[in-house]
Q: 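One structure, as structure tokens, below. Some questions next.
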Amino acid sequence: MKAIRVSEYGGPSVLKLVEVPAPQPGPNQVLVRNHAVGVNPVDTYLRANVDNRGPKLPYTPGSDAAGVVEAVGSGVTDLKAADRVYVGGTLTGAYAELCLCERSQVHPLPLNVAPAQGAALNIPYATAYHALFNRAHAEAGETVFVHGASGGVGIAAVQLARARGLTVIGTAGTERGRRLVLTEGAHHALDHTAPDYLDGLTRLTGGRGPDIVLEMLANANLQKDLGIVAGRGRIVVIGNRGAVEINARLAMNKDAAILGMALFHATPAQLAGIHAALVEGLRTGTLRPVVGRELPLADAPRAHEAVMEPGHYGKIVLVP
Ligand code: NAP
């Protein structure tokens, strides 16, 4: 089968399309034929070995894909060849024609959801769900500020929060991004490149501030978030790309919580709950992953450049 392999850490050019043997499923494993593969910022950090977190070389990147079951191991009785599925994590890497998964990593893909949308699910939607409901304990009637709402996690957070009955305010850096944020369910959209955009947030919340901030770029915004969050508010740090200086007195004075989160800390029980909720949201149509761009698998280097550029509009997906 064709797969992208990384044999040395580095820039996008280390992503090489090669021919490798097709994996075979063990007893509790599922082999999935990928029709689409999701590209996430974390794939670029691992490729560049940021914080020494790169996988053992050589490896095939990617954790998100959707397609059909190719084969199942002897212990798998509830899935069969040709079933439509999406995957949340793999054993062999998603940037390939086939990927091998544990049974627990494979979830049904409802008929109303295209494979490219299925590939846009796992990291973005599971992260948004975990941040909103397992970390911030968001409740209907509260207000959430999605600071960076036009990207993969942001759009997921907007849809999930709106469906749960929160008031949703999101930001994007372009007019097109803000229109998308509104279309996907935000009550209001602000421009995080405008100098006075947080005044707009204060106005929209009647001077109180949002109960929850989902932060996609904490190194740029954490101090500002402490300034605008409501009393007893919760700020969830989802994305961060450098150091930031904060005045912790703001957190003291507001009884505010800064909550770090990384999806890889979610427990198996939390992941099972998250994916059960996501599948149901897909079935009912409250969750509608937005695909911005589809590229051939061989163009993985271009996809890695694009996923780190500003001006987001839906997910980037590779097609094997
Ligand atoms: P993405 O699709 O690349 O989206 C990035 C988002 O950040 C866009 O909405 C972008 O808006 C926005 N942004 C750019 N400048 C900003 C600013 N100054 N203030 C606020 N937002 C700004 O990435 P993603 O997949 O949504 O992930 C978002 C971040 O979370 C990434 O850093 C990623 O690595 C991280 N992440 C963490 C976890 C975890 O487990 N903690 C899981 C998934 C992702 P415009 O393009 O419209 O300017």
Side-chain angles (χ1 to χ4, degrees), residues 38-48 50-51 53 61-64 88-89 119-132 134-136 144-160 168-184 186 189-195 197-198 200-201 210 213-225 228 235-242 244 258-267 270-271 274 289-293 303-317:
V39 176
N40 289 288
V42 68
D43 303 341
T44 73
Y45 315 151
L46 296 176
R47 184 210 69 223
V50 171
D51 295 338
R53 281 183 44 217
S63 53
D64 299 6
L121 270 170
N122 175 49
I123 288 194
Y125 278 77
T127 299
Y129 188 100
H130 194 54
L132 270 170
N134 295 337
R135 298 295 283 144
V144 61
F145 180 49
V146 185
H147 213 165
S150 51
V153 179
I155 290 295
V158 165
Q159 294 176 357
L160 285 161
V168 184
I169 305 172
T171 73
T174 63
E175 182 57 40
R176 190 174 181 225
R178 288 189 289 284
R179 275 202 304 276
L180 175 68
V181 169
L182 289 171
T183 306
E184 295 311 321
L190 299 171
D191 177 1
H192 54 233
T193 68
Y197 72 106
L198 291 175
L201 177 65
V213 180
L214 299 188
E215 183 49 66
M216 303 303 157
L217 197 59
N219 53 300
N221 296 328
L222 190 55
Q223 169 70 7
K224 293 189 264 179
D225 292 338
I228 50 87
I235 299 166
V236 187
V237 176
I238 298 176
N240 182 69
R241 290 182 180 166
V244 57
I258 301 171
L259 303 162
M261 77 133 275
L263 185 60
F264 59 77
H265 292 308
T267 65
Q270 284 174 327
L271 286 175
I274 289 168
V290 179
V291 177
R293 209 161 154 196
H304 272 214
E305 281 163 13
V307 79
M308 297 304 280
E309 285 163 4
H312 278 260
Y313 191 88
K315 284 288 298 179
I316 297 168
V317 161

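Atoms within a ligand are numbered from 1 in the order they appear, just like the ligands themselves. On a predicted model such as this, the values are computed, not experimentally measured, just so you know.
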Q: So which protein heavy atom does atom 22 (C) of ligand 1 come closest to, and at what separation?
A: H192 CE1, 3.3 Å
Q: Starting at CD1 of I316, measure out to CG of D43 and round the result to the nearest 0.5 Å.
A: 10.5 Å
Q: Report, in ascending order of atom number, the atoms of ligand 1 lying under 4.0 Å from any heavy atom of A262.
A: 39 (C), 40 (O), 41 (N)
Q: What pair of heavy atoms forms the shortest contact from G170 to A186, and how long is it?
A: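 So the minimum-distance heavy-atom pair works out to N-CB, 4.4 Å.
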Q: Starting from atom 19 (N) of ligand 1, what is the nearest protein heavy atom, named by residue and atom, and what distance separates them?
A: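 The answer is N221 ND2, 2.9 Å.
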Q: Number the atoms of ligand 1 from 1 as they appear, then name those within less than 4.0 Å of a heavy atom of G173, with their elements.
A: 45 (P), 47 (O), 48 (O)
Q: Taking only heavy atoms of L217 into account, list the atoms of ligand 1 that are under 4.0 Å away from them.
A: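 Atoms satisfying the 4.0 Å criterion: 15 (N), 16 (C), 17 (C), 18 (N).
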Q: Please say whether P41 places an N or O atom under 3.5 Å from an N or O atom belonging to ligand 1.
A: no
Q: Could you tell me which atoms of ligand 1, counted from 1 in the order shown, lie closer than 4.0 angstrom to a heavy atom of M216?
A: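 Close to M216: 28 (C), 29 (C), 32 (O).
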Q: Between the candidates T171, V237, T127, I155, which shows the shortest non-hydrogen contact distance to atom 42 (C) of ligand 1?
A: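 Heavy atom nearest to atom 42 (C) of ligand 1 belongs to T127.
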Q: At what distance is the nearest protein heavy atom to atom 36 (N) of ligand 1, and which residue and atom is it?
A: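 Heavy-atom neighbour on the protein nearest atom 36 (N) of ligand 1: I238 O, 3.7 Å.
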Q: What atoms in ligand 1 come closer than 4.0 Å to a heavy atom of M261?
A: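 Reading through ligand 1 atom by atom, the close ones are 39 (C), 40 (O), 41 (N).
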Q: Which of the numbered atoms in ligand 1 are under 4.0 angstrom from any heavy atom belonging to G239?
A: 29 (C), 30 (O), 32 (O), 35 (C)
Q: Taking distance alone, with N or O pairs closer than 3.5 Å, would you say G151 contacts ligand 1?
A: yes
Q: Can you find an N/O atom of S150 closer than 3.5 Å to an N/O atom of ligand 1?
A: yes
Q: Using a 4.0 Å heavy-atom cut-off, say whether T193 meets ligand 1 through its side chain, its backbone, both or neither.
A: neither
Q: Please state whether G177 comes within less than 4.0 angstrom of ligand 1, counting heavy atoms only.
A: no
Q: H147 vs H192 aromatic rings, parallel, tilted or perpendicular, using cut-offs 30° and 60°?
A: tilted
Q: Looking at ligand 1, is there an atom of it that comes within less than 4.0 Å of some heavy atom belonging to Y313?
A: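 It does not; every heavy atom stays at 4.0 Å or beyond.
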Q: When you measure from the heavy atoms of P124 to every atom of ligand 1, does any distance fall below 4.0 Å?
A: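 The answer is no, since P124 has no heavy atom less than 4.0 Å from ligand 1.
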Q: Out of V307, V153, L190, V42, indicate the one that has the non-hydrogen atom closest to atom 44 (C) of ligand 1.
A: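 The residue whose heavy atom sits nearest atom 44 (C) of ligand 1 is V153.
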Q: Name the closest protein heavy atom to atom 1 (P) of ligand 1, giving the residue it belongs to and the distance to 0.1 Å.
A: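 Nearest neighbour among protein heavy atoms for atom 1 (P) of ligand 1, to 0.1 Å: H312 CE1, 3.6 Å.
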Q: Does the residue R241 have a heavy-atom contact with ligand 1, meaning some pair of atoms that are separated by less than 4.0 Å?
A: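 Checking ligand 1 against R241, which is what was asked, there is a heavy-atom contact under 4.0 Å.
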Q: Which atoms of ligand 1 have any heavy atom of L263 under 4.0 Å away?
A: 39 (C), 40 (O)
